Amino acid sequence: MMAQGTQFHTTNPHMLKESKVYQSQTLMGGLSGFDSPIGLDRRDRIDALRTGDIGFVHSWDINTSVDGPGTRMTVFMSGCPLRCQYCQNPDTWKMRDGKPVYLQAMIDKVARYEDLFKATGGGITFSGGESMMQAAFVSRVFRAAKEMGVHTCLDTSGFLNKNYTDEMINDIDLCLLDVKSGDEETYKIVTGSTLAPTIDFGKRLQDAGSKIWVRFVLVPGLTDSEENVEKVAEVCEQFKDAIEHIDVLPFHQLGRPKWHEMRIPYPLEEKKGPSHALQERVKKQLESHGFVVY
């Protein structure tokens, strides 16, 4: 965890190789075009990760989907402390499975699309995995993006709330905040962890003036009880007027093949998606608290 007001340090020159071999190295499989600091030993990588001079990235994409407003560059970071039963990307759980990317290479990529972002009201979104595991890297890219006038968005569970200083939060325009359950016991079943950090992070976003799109995954027999949904609404009420809307996301089985490929037992193997009637009930329940719900 970084202390509030932490000043970032630059990586020692020996950490980032300057030969043409290193500088011209690019990553394939969703990362083509990024310079990769290959050749670093373990100590160098740990130090560069701590300062944010490199980040471990799974993949990236340019899209106009649900990762924030406008056309966006969505970067999927590697590493996640949670083990959600319905995770679509278990291949992002371990940071070491990602590819190291130079900070400047990421900033340059944002700059390449700067005009497109501004024309469409888009920007850069960091997702995962859990991008808050790499707070220094993500925050330094966000700071550079803000200096360009580019919109920033963080897609997160908020579980690593304490990794972020108030200064870092000030550079988050929008947060896609996953409220995976309102009931503490259900949250533990869904994620293997605790709800409190998500609530704390949402409050800090509200205090900083950042906007929030809450995401709630609706899983029949797991997160759909009226009591749990009511508690989700009560959690969201603590974020006050920071919330622009709540997305009720119906559970699906699109992530199941990855679990099979990785030979991880999939806990929701036989689970069906929610019916239209169930989705409407949950939406109306949340709307009764005054929220805009999609």
Side-chain angles (χ1 to χ4, degrees), residues 65-67 76 79-94 127-133 155-161 175-202 212-239 243 245-289 291-294:
S65 57
V66 293
D67 296 326
F76 298 91
C80 184
L82 303 184
R83 292 296 179 264
C84 298
Q85 291 194 22
Y86 48 69
C87 180
Q88 296 182 56
N89 299 303
D91 52 335
T92 66
W93 284 352
K94 297 177 181 179
S127 185
E130 175 51 75
S131 54
M132 290 182 83
M133 283 191 72
D155 182 3
T156 180
S157 69
F159 177 69
L160 296 176
N161 166 50
C175 180
L176 310 181
L177 187 61
D178 295 325
V179 179
K180 300 172 187 292
S181 170
D183 174 72
E184 187 69 51
E185 183 177 350
T186 303
Y187 194 94
K188 179 73 173 179
I189 294 171
V190 172
T191 70
S193 198
T194 58
L195 172 61
T198 298
I199 298 174
D200 291 342
F201 191 60
I212 300 173
W213 293 1
V214 167
R215 288 174 159 180
F216 171 63
V217 178
L218 180 59
V219 186
L222 184 60
T223 66
D224 64 333
S225 73
E226 290 189 16
E227 180 182 7
N228 186 50
V229 173
E230 195 66 19
K231 289 183 177 179
V232 168
E234 291 171 2
V235 167
C236 293
E237 286 175 337
Q238 298 181 61
F239 308 150
I243 294 183
H245 67 258
I246 299 175
D247 290 307
V248 176
L249 306 178
F251 167 74
H252 55 69
Q253 291 282 7
L254 295 180
R256 180 170 60 176
K258 285 188 178 181
W259 290 69
H260 290 179
E261 182 180 348
M262 297 176 67
R263 299 183 178 180
I264 306 172
Y266 185 51
L268 303 178
E269 192 72 45
E270 305 300 327
K271 187 70 68 176
K272 304 293 184 181
S275 66
H276 178 73
L278 176 56
Q279 293 179 60
E280 287 302 306
R281 190 219 85 200
V282 171
K283 288 179 180 178
K284 288 180 180 179
Q285 191 174 351
L286 294 170
E287 286 173 344
S288 72
H289 286 261
F291 295 115
V292 175
V293 184
Y294 296 124

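For the single chain, residues carry numbers from 1 onward in sequence order. Quick caveat: nothing in here was measured; it's all calculated off a predicted structure.
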Under 3.5 Å side-chain donor-acceptor pair for [X] and [Y]:
X      : Y      : result
Glu230 : Gln285 : yes
Gln85  : Tyr266 : no
Asn89  : Thr92  : no

Testing the basics here: between [X] and [Y], what is the closest heavy-atom pair and its distance to 0.1 Å?
X      : Y      : result
Val232 : Ser181 : CG2-C, 3.8 Å
Ala233 : Leu286 : CB-CD2, 3.9 Å
Pro274 : Pro250 : CG-CB, 3.5 Å
Val179 : Phe216 : O-CD1, 3.3 Å

Residue pair [X] / [Y], side-chain heavy-atom distance below 4.5 Å:
X      : Y      : value
Phe76  : Ser131 : no
Phe291 : His245 : no
Val217 : Thr223 : no
Cys236 : Ile246 : yes
Phe201 : Cys175 : yes
Leu278 : Leu218 : yes
Trp213 : Leu177 : no

Handout entry: side-chain hydrogen bond (donor to acceptor under 3.5 Å, both in side chains) partners of Trp259, counting only residues at least two apart
Key = none
[X] side-chain N/O to [Y] backbone N/O, donor-acceptor pair under 3.5 Å:
X      : Y      : answer
Asp178 : Lys180 : no
Gln253 : Leu268 : yes
His252 : Leu254 : yes
Asn161 : Gly158 : no

Practice task
Before accepting this row, confirm whether a basic side-chain N of the pair Arg215/Asp155 lies closer than 4.0 Å to the acidic partner's carboxylate O.
Solution key: yes
Practice task
Could you tell me whether Glu227 and Lys231 have a side-chain N and a carboxylate O separated by less than 4.0 Å?
Solution key: yes
Problem - Atom pair NZ (Lys271) and OH (Tyr86), whose distance is rounded to the nearest 0.5 Å - result: 13.0 Å
Problem - Value rounded to 0.5 Å, distance of CE in Met132 from SG in Cys80 - result: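 Between Met132 CE and Cys80 SG, I get 11.5 Å after rounding to 0.5 Å.
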Problem - Pairs meeting criterion salt bridge (Lys or Arg N to Asp or Glu O under 4.0 Å) with involvement of residues 245-260, two or more places apart - result: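 Salt bridge (Lys or Arg N to Asp or Glu O under 4.0 Å) check on residues 245-260 returns Asp91-Lys258, Arg256-Glu269.
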Handout entry: Pair Arg281-Val229, side chain to side chain contact (heavy atoms under 4.5 Å, CB included): steps then yes or no
Key = CA-CA 10 Å; Arg281 190 219 85 200; Val229 173; 3.7 Å; yes
Problem - Stepwise side chain to side chain contact (heavy atoms under 4.5 Å, CB included) test for Glu280 and His276 - result: CA-CA 6 Å; Glu280 287 302 306; His276 178 73; 3.5 Å; yes
Handout entry: Check against side-chain hydrogen bond (donor to acceptor under 3.5 Å, both in side chains), Asn228 and Ser225
Key = CA-CA 5 Å; Asn228 186 50; Ser225 73; 5.1 Å; no
Tell me which donor-acceptor pairs under 3.5 Å the side chains of residues 188-199 have, and how far apart each pair is, sequence neighbours excluded?
| unit_1 | atom_1 | unit_2 | atom_2 | d |
| --- | --- | --- | --- | --- |
| Lys188 | NZ | Gly192 | O | 3.3 |
| Thr191 | OG1 | Tyr187 | O | 2.8 |
| Thr191 | OG1 | Ser193 | N | 3.0 |
| Thr198 | OG1 | Ser157 | O | 2.6 |
| Thr198 | OG1 | Tyr187 | OH | 3.4 |

